[in-house]
Amino acid sequence: MKSEPGSYSIDDLARDGKTAWEGVRNYQARNFMRDEMRPGDPVLFYHSNADPTGVAGLARVASRGYPDRAALDPSSPYYDEKATEEDPRWVLVDVEFVERFPGVVTLDDLRRTPGLEKMLVINKSRLSVQPVTDEEYRVVVELGRSL
DNA sequence: GCCAACGTTGGC
DNA sequence: GCCAACGTTGGC
């Protein structure tokens with residue numbers, strides 16, 4: 001799951017303990033949260049538009065998908081005029097903090113680590129919620145903890 | 001700040 | 001249903 005640290009970083013999550021991952025306004029990303037993610041699923045927390053950009057730590061899915069009510073709130077930056085009470089259109093999950101890596105596994109690290117060639121973040125960087133295989137997860141965690 | 005890649009919108 | 005125009009994302 002990706003976030004711009006200027007907006008919400010791994011440190012913010014460490015402070016909050018848990019947060020509602022609101023504001024995702026992309027159908028593919030929404031569908032992952034709605035259809036695929038379950039409480040307990042491990043999450044790589046990725047800092048985009050950052051210095052350095054890359055995986056900053058680990059989190060965990062803490063709820064099933066449920067409506068993102070920010071879409072109904074005209075004063076929210078995530079407001080969507082097409083969202084309604086009956087069909088809020090957008091979905092989020094709760095995410096809880098697990099650990100912060102001692103550093104950041106940079107995008108460059110990901111690119112040059114054998115076994116990670118197919119990670120979507122390398123080729124489909126714009127997708128803000130994306131699946132990671134068990135093996136990719138394992139490799140990234142190992143990299144992150146050895147920084 | 002620039003720009004390429006991508007997703008969405010809307011006219012036809 | 002196509003596709004051009006547009007807006008957004010995100011790496012650099």
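First the proteins, then the strands, lettered A, B, ... as listed; each starts at 1. The structure displayed is predicted, hence computed values, not measured ones.
One atom, OH of A/Tyr78, and another, P of C/dT9, lie 10 Å apart when rounded to the nearest Å. Per the geometry, CZ belonging to A/Arg30 stands 15 Å off P belonging to B/dG7, to the nearest Å. Between the P atom of B/dC6 and the NZ atom of A/Lys2 lies a distance of 12 Å, rounded to the nearest Å. Atom pair A/Ile122:CD1 and B/dA4:C1' shows a separation of 18 Å (rounding to whole Å applied). Between A/Leu120 atom CG and B/dC6 atom P the separation is 12 Å, expressed in whole Å. Between the P atom of B/dC6 and the CD atom of A/Gln28 lies a distance of 12 Å, rounded to the nearest Å. Atom pair A/Tyr27:OH and B/dC6:C1' shows a separation of 15 Å (rounding to whole Å applied). Put simply, CG on A/Leu107 is 14 Å from C1' on C/dT9, counting in whole angstrom units.
For residues 71-125 of chain A, every residue pair satisfying the ring-ring contact (aromatic ring centres under 6.0 Å, His included) rule, not counting sequence neighbours, is listed here: A/Tyr27-A/Trp90.
Listed nucleotides C/dG11, B/dT9, C/dT9 differ in distance to A/Arg126; the shortest reach to its side chain belongs to C/dT9. Of the candidate nucleotides C/dC12, B/dT9, C/dG10, C/dC12 has the atom nearest to the side chain of A/Arg111.
Here the side chains of A/Val139 and A/Leu116 are in contact, with some heavy-atom distance below 4.5 Å.
Residue A/Arg25 is out of contact with every strand shown, counting any heavy-atom pair closer than 4.0 Å.
None of A/Val140, A/Val141, A/Leu13 except one satisfies the side-chain contact (heavy atoms from CB on, under 4.5 Å) rule with A/Leu58; the exception is A/Val141.
Residue A/Lys124 places none of its side-chain N or O atoms closer than 4.0 Å to OP1 or OP2 of C/dG11. Dashed line: the shortest gap from a side-chain N or O of A/Thr53 to OP1 or OP2 of C/dG11 is under 4.0 Å.
Each of A/Asn123 and A/Asn49 was assigned the nucleotide of DNA chain B with the nearest heavy atom; the assignment lying further toward the 5' end belongs to A/Asn49.
For the residue pair A/Gly144 and A/Pro102, the shortest heavy atom distance occurs at O-CD, 3.2 Å. Between A/Pro52 and A/Val104, the shortest heavy-atom contact is CG-CB, 3.8 Å.
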